[in-house]
Amino acid sequence: MNYIKNIKTPIGIITIEEKSNKIIELQLNSNLAQPIKENEQIKETPLLIEAEKQLTEYFNKTRTKFDLPLAPQGTDFMKRVWKELTQIPYGETRTYKQIAQKIGNEKASRAVGMANNKNPIPIIIPCHRVIGANNKLVGYALGLDKKEFLLDLEKSNNKN
C-alpha cells in the first residue's frame, strides 16, 4: 500500500507519496480533489508528517537541505542524475552540461534534461537548480514560474 498526504504550499497543493517508508513521488496539484489510485490511501504516516514539516521549513526559509529517505523510480542513468542533483548546494545552480560532466558523460546534456523532466520527487531532488548553458531558465516539469519562484526563494535566503 502507498500512502499519500496533501500539503498546502506557496506554489500550490503538493501531494507526497510514500511506499515502504520511503518517499517515491511528489506532485503539484491544482486542487485537493485529485483522484486516488487503487493502491493509494490518504494517511498521516510519521514519514509523511516529517516530509510536510521539512517542506514547510524549506518554504519558510529555515531548511536548506532535506533529510528524508527517498526511492525514486527510474533507470540507472536517471538515478545517477538525480543523485548528482542532490549535491547542488542550496541557492546555487548548475547547467545540464555540468551535471553530465559530473556523472562522467559530458555529451549527455539532453539525457540529463530528460532525467530532470522525469524526476518523480522535484524540490526534494532539486532539479529546479539546473539551468541552460546560457544561464536561462529552461524546462521544469512543475512549470517555469515555479522554477523561478524556487530559485528566487533560495537566492533571497542565501545572502551572507
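It should be emphasised that the depicted structure is a prediction, and the values quoted were computed from it without experimental measurement.
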### Message
Using modelled atom types and a 3.5 Å cut-off, is there a donor and acceptor pairing between side-chain atoms of K19 and backbone atoms of E25?
### Response
no

### Task
Quick one: pull up OG1 in T9 and CD in E52 and give me the separation to the nearest 0.5 Å.
10.5 Å

### Task
List the atom of K155, the atom of G91, and the distance in Å for their closest heavy-atom pair.
CG-O, 4.2 Å

### Least distance between heavy atoms, P122 atom then C127 atom
CB-SG, 4.1 Å

### Shortest non-hydrogen contact from F77 toward A108
CZ-CB, 4.1 Å

Atom pairs and distances, donor-acceptor, side-chain atoms in residues 58-71, under 3.5 Å, two or more places apart:
| unit_1 | atom_1 | unit_2 | atom_2 | d |
| --- | --- | --- | --- | --- |
| Y58 | OH | E154 | OE2 | 2.6 |
| N60 | ND2 | T56 | O | 3.3 |
| K61 | NZ | S156 | OG | 2.8 |
| T62 | OG1 | E57 | O | 3.2 |
| R63 | NE | E57 | OE1 | 2.7 |
| R63 | NH1 | K65 | O | 2.8 |
| R63 | NH2 | E57 | OE1 | 2.9 |

### Query
If you measure from NZ on K79 to CD1 on I103, what distance do you get to the nearest 0.5 Å?
14.5 Å

### Task
Output the distance between atom CD (Q27) and atom CG (N6), rounded to the nearest 0.5 Å.
10.0 Å

### Message
Hydrophobic cluster membership, with links at side-chain heavy-atom distances under 4.5 Å among I/L/V/M/F/W/Y: are I4 and I24 in one?
### Response
no

### Task
With L48 as reference, evaluate K43, E18, E17 under the side chain to side chain contact (heavy atoms under 4.5 Å, CB included) test and give the passing residue.
E18

### Message
With a sphere of 6.0 Å drawn around NZ of K83, does it hold more than 12 non-hydrogen atoms of other residues, nucleotides or ligands?
### Response
no

### Message
Side chains of V130 and I88, heavy atoms from C-beta outward: is any pair under 4.5 Å?
### Response
yes

### Query
Are any of the side-chain nitrogens in K5 or E44 under 4.0 Å away from the carboxylate oxygens of its partner?
yes

### Summary
Distance col, row I23:CD1 vs I16:CD1, nearest 0.5 angstrom, shows 5.5 Å

### Query
Side-chain heavy atoms under 4.5 angstrom apart, residues restricted to Ile, Leu, Val, Met, Phe, Trp, Tyr: same cluster for I49 and Y3?
no

### Considering all heavy atoms, the nearest G74-W82 contact
CA-CH2, 3.9 Å

### Query
Hey, mind stepping through R110 and Y96 against side-chain contact (heavy atoms from CB on, under 4.5 Å) and telling me if it holds?
CA-CA 8 Å; R110 285 181 187 234; Y96 294 97; over 6 Å; no

### Task
First locate atom NZ of K147, then atom CD1 of I131, and finally report the distance between them rounded to the nearest 0.5 Å.
7.5 Å

### Task
State whether the side chain of N119 and the backbone N or O of I125 hold a donor-acceptor pair below 3.5 Å, judged by distance alone.
yes

### Message
If you compare all heavy atoms of F149 against all heavy atoms of P10, which two are closest, and at what distance to 0.1 Å?
### Response
CZ-CB, 3.7 Å

### Task
Report yes or no: do M114 and I121 belong to one cluster of Ile/Leu/Val/Met/Phe/Trp/Tyr joined by side chain heavy-atom distances under 4.5 Å?
no

### Summary
When rounded to the nearest 0.5 Å, the distance separating CG of N116 from CD1 of I99 is 7.5 Å

### Minimum side-chain heavy-atom gap P72-K22 below 4.5 Å
no

### Query
More than 12 foreign heavy atoms under 6.0 Å from CG of D152: is that the case here?
yes

